[in-house]
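Have a look at the structure below before the remarks.
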2 protein chains.
Amino acid sequence: MVTRFFPLAVSAAAALLVAVPVAAQTLAPREVPAKTLPVPTTVSPQMQAIIAQPLRTNWDKPPTTPDGWRELSESNVTTVAPQIPAMAERMRVSIEPSMLDGVRIYTITPADMPPQNRNRLAVHVHGGCYVLNPREAALPEAIFLAGFARMKVIAVDYRMPPEAYFPAALDDAVTVYKAAIKMVPPANIAVFGSSAGGALTLEMMLRAKQEGLPMPGAIAPGTPMSDVTKQGDSFQTNAMVDNVLVSPDGFCDAATRFYANGHDLKDPFLSPVYGDVRGFPPTILTTGTRDLLLSNTVRMHRALRQAGTEAVLQVFEGQSHAQFYRDDRIPEVKEAFDEIGLFFNRHLGQ
Amino acid sequence: MVTRFFPLAVSAAAALLVAVPVAAQTLAPREVPAKTLPVPTTVSPQMQAIIAQPLRTNWDKPPTTPDGWRELSESNVTTVAPQIPAMAERMRVSIEPSMLDGVRIYTITPADMPPQNRNRLAVHVHGGCYVLNPREAALPEAIFLAGFARMKVIAVDYRMPPEAYFPAALDDAVTVYKAAIKMVPPANIAVFGSSAGGALTLEMMLRAKQEGLPMPGAIAPGTPMSDVTKQGDSFQTNAMVDNVLVSPDGFCDAATRFYANGHDLKDPFLSPVYGDVRGFPPTILTTGTRDLLLSNTVRMHRALRQAGTEAVLQVFEGQSHAQFYRDDRIPEVKEAFDEIGLFFNRHLGQ
């Protein structure tokens, strides 16, 4: 084997054979100088405006008390809730809150549905690091799927700390899933959600396997928190690049530990990338090139492919964490949900 | 519309409605401080060793004369050529150089082929920024596809500067494609290659459309140089992170300009992301999270999906440019080529 290092080996073919034995390597880190990242011009003007936003205010100053988390969470609801009616009107959906087997839900029904969707149902689990986005704040992504894909959605307003801790969110999501499979055939059901909701989507499949429940027809975990132990290269490469999550040591990490309540973060019910994903249904994963969870997403994609799952990946240019559902008036948001809708349509029963 | 910016909006649902009108935004760049990137532990030990390599020596000191480029190119051949026999033995393929309609080629034939591959053919166009990797240096990726997918491959050793300039590489590739479609039905043909070879794969489809040639059954452009005008966010975000291409102002940019020879770099025959890709065959694209061409790859994926093409994307954790074909003994390399082989098998005629 040739082990000589040659100067300026260019594309991979030339460089390929520098296979120094691993044991002989010092695994030196890469020193990356400070840089100024312009806003890319390769996205829509609307998305440029989102990318140009500064790092989230107070990203490194999370609440430290249950009351502090509750206040933050309520302030988000106060911001989002007044915008829901106009959003529902643009998307032509109606929204009905209710309880389902003891769990708070919203049922989102499109004003019109194509025939193939009339006996289908999507279950939505919202994001927010397991602590944020209760009530109306849970709704935007659910509304977008209902609106763009013209499918009925049940959005789970699961319990969160300080009301209840791990695994309450998952328990509530599974309760709703159990009810859903009595409403329509499991093959006609999709499960979706992003960030913590992406992780919950995957955790629901692990729990369904454990309990012997049937799999749904398809799932769409967006930028899932599939590994909350901070493993994954993009936690470093996209730190201070992603303007939403910003850093692996930011508020989302603090929130997740608040939910985990001392439980091992490597448990597949918190970090599903470590779970046995054999038998998972067809899966579409979504992320962005600046996403702190880019690695969480592509590692999950690889794990699913290695297990033989029909899993596809979409990565959006320049987007930070979960910006693919930032606002329904952004072209890339319609594009992402159109793709998810097409994927569901391809894989769900009718 | 609510335009108030609220503190610590967490995952996208909460943050989503900060839709300040675009015109009112100052599109401020992001200032990213210097950072130290550890080698990720989320890849194989062999890939960790590749990721830990320092930035390519002399990445910012490309040759400035035709003789300088020729010397560099020859030094790469000198390094790679002696390793080809062992590689061919590991992959159980034979290699035969010849001429096909005036173009230099290598025919790579697996020692055994499954029945479904016996009337199939893959055409390979190598990478090297349109200037590097002639002769044996062109072969590794072609050998890996032949070896892992057990398919016959014709590798095009196309003319490069200073022997010939744009569009000579494309002309040679298309000459071989025209010969190939006389050997087996076009639907049984795959075209693949990475970096400049990924761009050439796409350029061949544009040229085939222009000349009214039939499309092949499937293509696999790996980390394509789909935009050589330096547009694309990862040219900035992954600058000094990617240890192969390193920077948009490095040797690959210089090499491409040497090939283009004054031609407009935005011409779709040099930057195929700007081409009309309607009617392209099923496509699998491959890249890595540290790849300088991550954006080139995901933008191409989006362009193909927008045109209605069956296009799938695989993104490998922690890899810089084209490291998915660095060495056949790396688990992630087998994984990438197994996926490409599965995709070809799904989409090619027999």
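Since we're looking at a predicted model, the values are computed, not measured. We name chains A, B, ... by the order of the sequence lines, and we start the count at 1 in each one.
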| So which of B:Ile51, B:Val77, B:Asn243, B:Thr41 has the biggest tally of heavy-atom pairs under 4.5 Å with chain A? | B:Asn243
| request: Could you tell me which non-hydrogen atom of B:Pro29 sits nearest to which non-hydrogen atom of A:Pro38, and how far apart they are? | output: CB-CA, 4.0 Å
| query | With the threshold set at 4.0 Å, does a side-chain nitrogen-carboxylate oxygen contact exist between B:Arg346 and A:Glu310? | reply | yes
| said: With side chain to side chain contact (heavy atoms under 4.5 Å, CB included) as the criterion, how do A:Thr36 and B:Val32 come out once you've worked through the C-alpha distance, each side chain's angles and the decisive distance to 0.1 Å? | reply: CA-CA 6 Å; A:Thr36 299; B:Val32 181; over 6 Å; no
| Taking every heavy-atom pair that is under 4.5 Å apart, which of B:Gly318, B:Ala196, B:Ala255 has the most such pairs with chain A? | B:Gly318
| Hey, what do you get for CG (B:Leu285) to CG (A:Leu313), rounding to the nearest 0.5 Å? | 11.0 Å
| said: Does atom NZ (B:Lys334) have a neighbourhood of more than 12 heavy atoms from anything else shown, all under 6.0 Å? | reply: no
| Relative to chain A, which segment of B:Glu332 carries a heavy atom at a distance below 4.5 Å: side chain, backbone, both, or neither? | neither
| said: side chain to side chain contact (heavy atoms under 4.5 Å, CB included), that's the test. Do A:Arg30 and B:Leu55 meet it? Break it down for me. | reply: CA-CA 8 Å; A:Arg30 181 102 70 259; B:Leu55 301 183; 3.6 Å; yes
| query | Side chain, backbone, both or neither: which part of A:Leu342 has a heavy atom under 4.5 Å from chain B? | reply | side chain
| said: Looking only at side-chain N and O atoms, does B:Thr42 offer a donor or acceptor that is under 3.5 Å from a partner on A:Gln231? | reply: no
| query | Would B:Thr237 and A:Thr289 count as a side chain to side chain contact (heavy atoms under 4.5 Å, CB included) if you check the C-alpha gap in whole Å, the side-chain angles of each, and the deciding distance to 0.1 Å? | reply | CA-CA 9 Å; B:Thr237 54; A:Thr289 60; 5.6 Å; no
| request: Please determine, among A:His301, A:Arg302, A:Arg299, A:Met240, the option with the most heavy-atom pairs under 4.5 Å with chain B. | output: A:Arg302
| task | Name the member of A:Lys35, A:Gln314, A:Gln306, A:Arg290 that forms the most heavy-atom pairs with chain B at distances under 4.5 Å. | result | A:Lys35
| Heavy-atom closest pair, residues A:Ala28 and B:Val39 | O-CG2, 3.4 Å
| request: Enter the distance from B:Leu294:CG to A:Leu294:CG here, rounded to the nearest 0.5 Å. | output: 6.5 Å
| query | Quick one: does A:Glu317's side chain have a donor or acceptor within less than 3.5 Å of a partner on B:Val298's backbone? | reply | no
| field | Engaged part of B:Ala311 at the chain A interface, taking heavy atoms whose separation is under 4.5 Å | value | neither
